[in-house]
Amino acid sequence: MKKVLKALQIKNINNGVSTGVDSWAGSGKVLSSYSPVDGELIGKVRQATKDDYEKVITKAEEAYKIWREVPAPKRGEIVRQMGEALRANKDNLGRLVSYEMGKSLQEGWGEVQEMIDICDFAVGLSRQLYGLSMHSERLQHRMYEQWHPLGIVGIISAFNFPVAVWSWNAMLAWVCGDVCVWKPSEKTPLSAIACQHIIQAVLRNNNVPEGISGLIVGDREVGEWLSNDTRVPLVSATGSTRMGKAVGQAVAGRLGRSLLELGGNNAIIVTENADLQIVIPAVVFGAVGTAGQRCTTTRRLILHENIYEDVKNRLVKIYSQLRIGDPLDTNNHVGPLIDTDAVNNYQTAIEKVKAEGGNILFGNEVLSGEAYQSGCYVKPTIVEVTTQTPMVCHETFAPILYLIKYSTLDEAIALQNGVPQGLSSAIFTLNMREAEQFLSANGSDCGIANVNIGTSGAEIGGAFGGEKETGGGRESGSDSWKNYMRRQTNTINYSTQLPLAQGIKFDI
Ligand code: UN1
């Protein structure tokens, strides 16, 4: 890991990590980043004080005045170079993400690949920030709309995707002409600093201000500063519903904009017409991938009564064969949880669901021994329930999968929709009527609804996000870029008269 840190220019200086850039230089409390893989200290970072925050925002404001005037395709060219820099650093950055967060190396690299893909997407977008033109009802008038940047975009990201979700926001915001101030998770600060180095080098090479990309490491206070700051027109936040409600309320209180991507409680419905060969890998990857710490993780499996026992038995068998251990070792399927608090949450959730009548079919074990010295490794768990008890309706960020039996599709869809969250959902069926009902207006109520694909692993090209307690925001692909811009309607009169709209006469 030393070599990886060196390559990403992360050096410990004066009890804190030097960022090597001015746009972030915390002078506050020291934050230590421990790896959940082996419990080792990776590095220490100095958090930002309120003064540091003010400096970053001032730099961002100055940078915005310059950046908004750079033609969008030229901004796209700089984002293209960022994509190239990420390609060059993919191996090291993926390794750091994997070690600091605990996800498998494949997923660490996959996360960097998502960043590269969103760069490519943003480059194309930089020539396609289209507005509509309309026909004016008045003679010799022209009416059209154009999209302008907003200003400073505050980005609050979560530990589970330490770098990719930031890049979904930042790359789009940058081609749109905004500047970004990023508050990464305090559980994964080094991955963020590594990105900051990569981005700053590209900004320097292009002689554009470093304030285009600001980074502020700190705890929830920093989130509060961003949410309450009228100089930050948009706050995009990813994380728990509790955090999102606080951010959403604060930003709404000043009539700012927020883009929220919060908790999920994602279900897969498996009908009696499903191809079980593809169901099993989809469910296992969805439920245990990233140790159950994706917002898109499969948490509920709604099974038709005719295939219930078969699927249940196959799953228990596969779960008993899963290899749990160092995620940097590509032979392992499941890595650690982020920290021991997450382990406690896993244990508490299982205790509670047992008290609610849940039947543990597999798992419910915290692993110990040399390979598990960080204390963060748990056995993926399967629990059988007969109704959606309070614990089943709650998002526990751990690999706990609830199995529920159904007999009619209406009942299955009601179960799928019967939780407060609305991010991702899936149905496995080869029956076209079942699939279409699931996708119809009286089907899944989620932002993402898949057929014969699991709930996690969405592509960057689609709009990503969900309904209800998931927060309603859409990031990444499709027309999500509109979140980062303001629409202006322009009407131009090239006649010699001043006709009023709606035919109103006003003679003076
Ligand atoms: C998240 O967990 O916050 O769809 C994002 C997926 C990933 C992104 C997850 N592409 O699982």
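Every number for a ligand or one of its atoms is a count from 1 in the order of the listing.
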**Report entry** Donor-acceptor pair, side chain of Asp178 and main chain of Trp174, under 3.5 angstrom
**Finding:** no

If you scan protein heavy atoms around atom 9 (C) of ligand 1, the nearest is Phe161 CE1, 3.5 Å

Checking heavy atoms under 4.0 Å, the part of Glu459 that sits near ligand 1 is neither

of all protein heavy atoms, closest to atom 4 (O) of ligand 1 is Ala458 N, 2.7 Å

Under 4.0 Å from one or more heavy atoms of Phe464, ligand 1 contributes atoms 4 (O), 5 (C), 9 (C)

Atom 5 (C) of ligand 1: closest protein heavy atom, distance to 0.1 Å, is Cys295 SG, 3.5 Å

of all protein heavy atoms, closest to atom 6 (C) of ligand 1 is Gly457 N, 3.2 Å

One should read off an interatomic distance between Leu262 CG and Thr241 OG1, to the nearest 0.5 angstrom, of 5.0 Å

If you measure every N/O of Asn160 against every N/O of ligand 1, is any gap under 3.5 Å? yes

*Do any heavy atoms of Gln293 fall under 4.0 Å from ligand 1?*
no

Check your understanding: Between Glu221 and Lys183, is there a side-chain N and carboxylate O pair less than 4.0 Å apart?
Key -> no

Query raised in the report: With a cut-off of 6.0 Å (strictly less than), are more than 12 heavy atoms of other residues, nucleotides or ligands near CZ of Arg87?
Result: yes

> Do Glu467 and Arg474 meet the salt-bridge criterion of a basic N to acidic O distance under 4.0 Å?
Replying inline: yes

- Message: Please check if the number of heavy atoms outside Gln106 that lie under 6.0 Å from its CD is greater than 12.
- Response: no

If we number the atoms of ligand 1 from 1 as shown, the ones under 4.0 Å from a heavy atom of Glu261 are 3 (O)

Within 4.0 Å of some non-hydrogen atom of Arg294, the atoms of ligand 1 are 2 (O), 6 (C), 7 (C), 11 (O)

Exercise for review: Could you walk me through whether Ile307 and Lys405 pass side chain to side chain contact (heavy atoms under 4.5 Å, CB included), step by step?
Suggested key: CA-CA 9 Å; Ile307 44 115; Lys405 198 184 285 180; over 6 Å; no

Looking at ligand 1, would Trp168 count as a contact under a 4.0 Å heavy-atom criterion?
yes

Numbered in order shown, the ligand 1 atoms found under 4.0 Å of a heavy atom of Ser456 are 11 (O)

| said: Any side-chain to backbone donor/acceptor pair from Ser104 onto Glu107? Under 3.5 Å, distance only. | reply: yes

Atom CD of Gln277: over 12 foreign heavy atoms under 6.0 Å:
no

> Counting both backbone and side chain atoms, is some N or O of Thr296 under 3.5 Å from an N or O of ligand 1?
Replying inline: yes

Here the atoms of ligand 1 under 4.0 Å from any heavy atom belonging to Glu114 are 7 (C), 10 (N)

